[in-house]
Amino acid sequence: MAVRARTGLVLLAICGAVLGWELVLGAGLTIAAPGMSEFGLYAIDKLGFALAFAGFLTARHLWRRCGFAGGLPSAALPLLWPLWLIAALSGIQGFADQDPARIAGWFAISAAVGFGEEGVFRGLIIAVLGEDRPRRAVALSSLLFGALHLAGLLAPVDYRYILVQAVAAGSLGLVLGCTRLLAGSLWPGIVAHTMLDFFGLAAAGGVADAMEFSEATAAVILSGALVSLAWGAVLWRRLPSD
């Protein structure tokens, strides 16, 4: 019971830190620099978090434990096919922003998001939950990943998009979590997550445009979530039973 309580407190602290970063930094930047562009705000937020998280991993000697030592096994990349498919569907739309520097900037931001979110949810949280119970660890990390996306309800974004996004995040999280354990490495998920976000942001031309709600968009996202959930269930069954 004491171990479960401690694990719960650690998970609460991790999620609280992630949520606190988004809320406090976002509010602080908005107040300190009200005229800053969306690109600038998002760059400071995501790149700053990635650097802070890397510092935390270094200070606590957690790189290996969180799955960063496994390299990039090519055999794991096909396991992430739902993410490649969604990224490709966004990529064929082309780039809304034609400035090479801005495109490179969105890629850097996407890489920071991929590193930070995979490192926290498929690295740190799975390590806390314990790889000796892989199915539980993946299921809970996926639920937390989806739930944290509900923080977007506090932003000036259509709540329907946030709800759809949370469902999709949880489903994709299942695929990413299973792949992380089956491959023994975070890097395939980081690469796939980076490309998914990059093509989504570059095709839309920014975060606000990417998060515009329409029934057609919701249908596409939920279809992708359903496919990801089904494939994630297949991968989940491949994990050793708890």
Side-chain angles (χ1 to χ4, degrees), residues 14 18 46 49-50 53-54 57-58 61-92 107-146 148-149 167-202 221 223-242:
I14 293 170
V18 173
K46 302 307 179 184
F49 182 83
F53 184 60
L57 292 173
T58 301
H61 307 288
L62 289 172
W63 289 94
R64 179 175 296 275
R65 185 181 174 194
C66 289
F68 287 96
L72 185 63
S74 58
L77 298 178
L79 301 180
L80 296 162
W81 67 264
L83 283 83
W84 302 125
L85 176 61
I86 296 170
L89 291 175
S90 297
I92 60 176
F107 182 81
I109 291 170
S110 299
V113 173
F115 171 81
E117 293 190 353
E118 292 308 303
V120 170
F121 289 95
R122 261 64 67 178
L124 185 59
I125 285 180
I126 284 182
V128 169
L129 289 168
E131 293 186 32
D132 56 326
R133 299 185 66 183
R135 292 184 177 183
R136 182 192 71 150
V138 167
L140 290 178
S141 67
S142 301
L143 288 173
L144 289 173
F145 186 55
L148 259 293
H149 279 74
V167 171
S171 300
L172 290 170
L174 187 62
V175 176
L176 288 160
C178 289
T179 301
R180 178 260 187 271
L181 291 181
L182 291 170
S185 175
L186 269 180
W187 291 108
I190 291 174
V191 172
H193 196 147
T194 296
M195 301 311 295
L196 178 68
D197 279 14
F198 170 62
F199 284 113
L201 290 172
I221 294 175
S223 296
L226 183 61
V227 170
S228 299
L229 183 61
W231 177 240
V234 172
L235 295 180
W236 189 78
R237 293 283 294 176
R238 294 184 186 179
L239 297 172
S241 57
D242 295 346

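Just so it is clear, the model here is predicted, and its values are computed rather than measured.
- Across all non-hydrogen atoms, the minimal contact from A168 to I221 is CB-CG2, 3.7 Å.
- Smallest separation of non-hydrogen atoms from L172 and S228: CD2-OG, 3.2 Å.
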Scan the side chains in residues 122-139 for donor-acceptor partners under 3.5 Å anywhere in the protein, sequence neighbours excluded, and list what turns up.
residue	atom	partner	partner atom	Å
R122	NE	E118	OE1	3.0
R122	NH2	E118	OE2	2.6
E131	OE2	R180	NH2	3.2
R135	NE	W236	O	3.4
R135	NE	L239	O	3.2
R135	NH2	R237	O	3.0
R135	NH2	L239	O	3.1
R136	NH2	L129	O	2.6

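- Ring geometry for F68 against F115 counts as tilted: the plane angle lies between 30° and 60°, on a 0 to 90° scale.
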- Message: Let's go through F107 and T194 carefully: what are the C-alpha distance in whole Å and the side-chain angles of both, what is the deciding distance for side-chain contact (heavy atoms from CB on, under 4.5 Å) to 0.1 Å, and is it a yes or a no?
- Response: CA-CA 8 Å; F107 182 81; T194 296; 4.0 Å; yes

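- Expressed to the nearest 0.5 Å, how far CG of L186 lies from CG of L181 amounts to 9.0 Å.
- How far OG of S185 is from CD1 of I190: 7.5 Å, rounded to the nearest 0.5 Å.
- Here OG of S142 is found 4.5 Å from CG of L174. Values are rounded to the nearest 0.5 Å.
- We find the CG-CD distance between D197 and E117 to be 6.5 Å, quoted to the nearest 0.5 Å.
- The shortest distance between side-chain heavy atoms of L148 and F121 falls below 4.5 Å.
- Here the closest heavy-atom approach between residue T58 and residue W63 is recorded as OG1-NE1, 3.0 Å.
- A distance of 9.0 Å separates CZ in F199 from OG in S90, rounded to the nearest 0.5 Å.
- Residues passing the side-chain contact (heavy atoms from CB on, under 4.5 Å) test with F49, sequence neighbours excluded: V18, W21, F53, V120.
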Distance-only criterion, 3.5 Å: show the donor-acceptor pairs between side-chain atoms of residues 73-88 and protein atoms not counting sequence neighbours.
residue	atom	partner	partner atom	Å
W84	NE1	L77	O	2.8

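- Closest non-hydrogen pair, L201 versus S110, comes out as CD1-OG, 3.8 Å.
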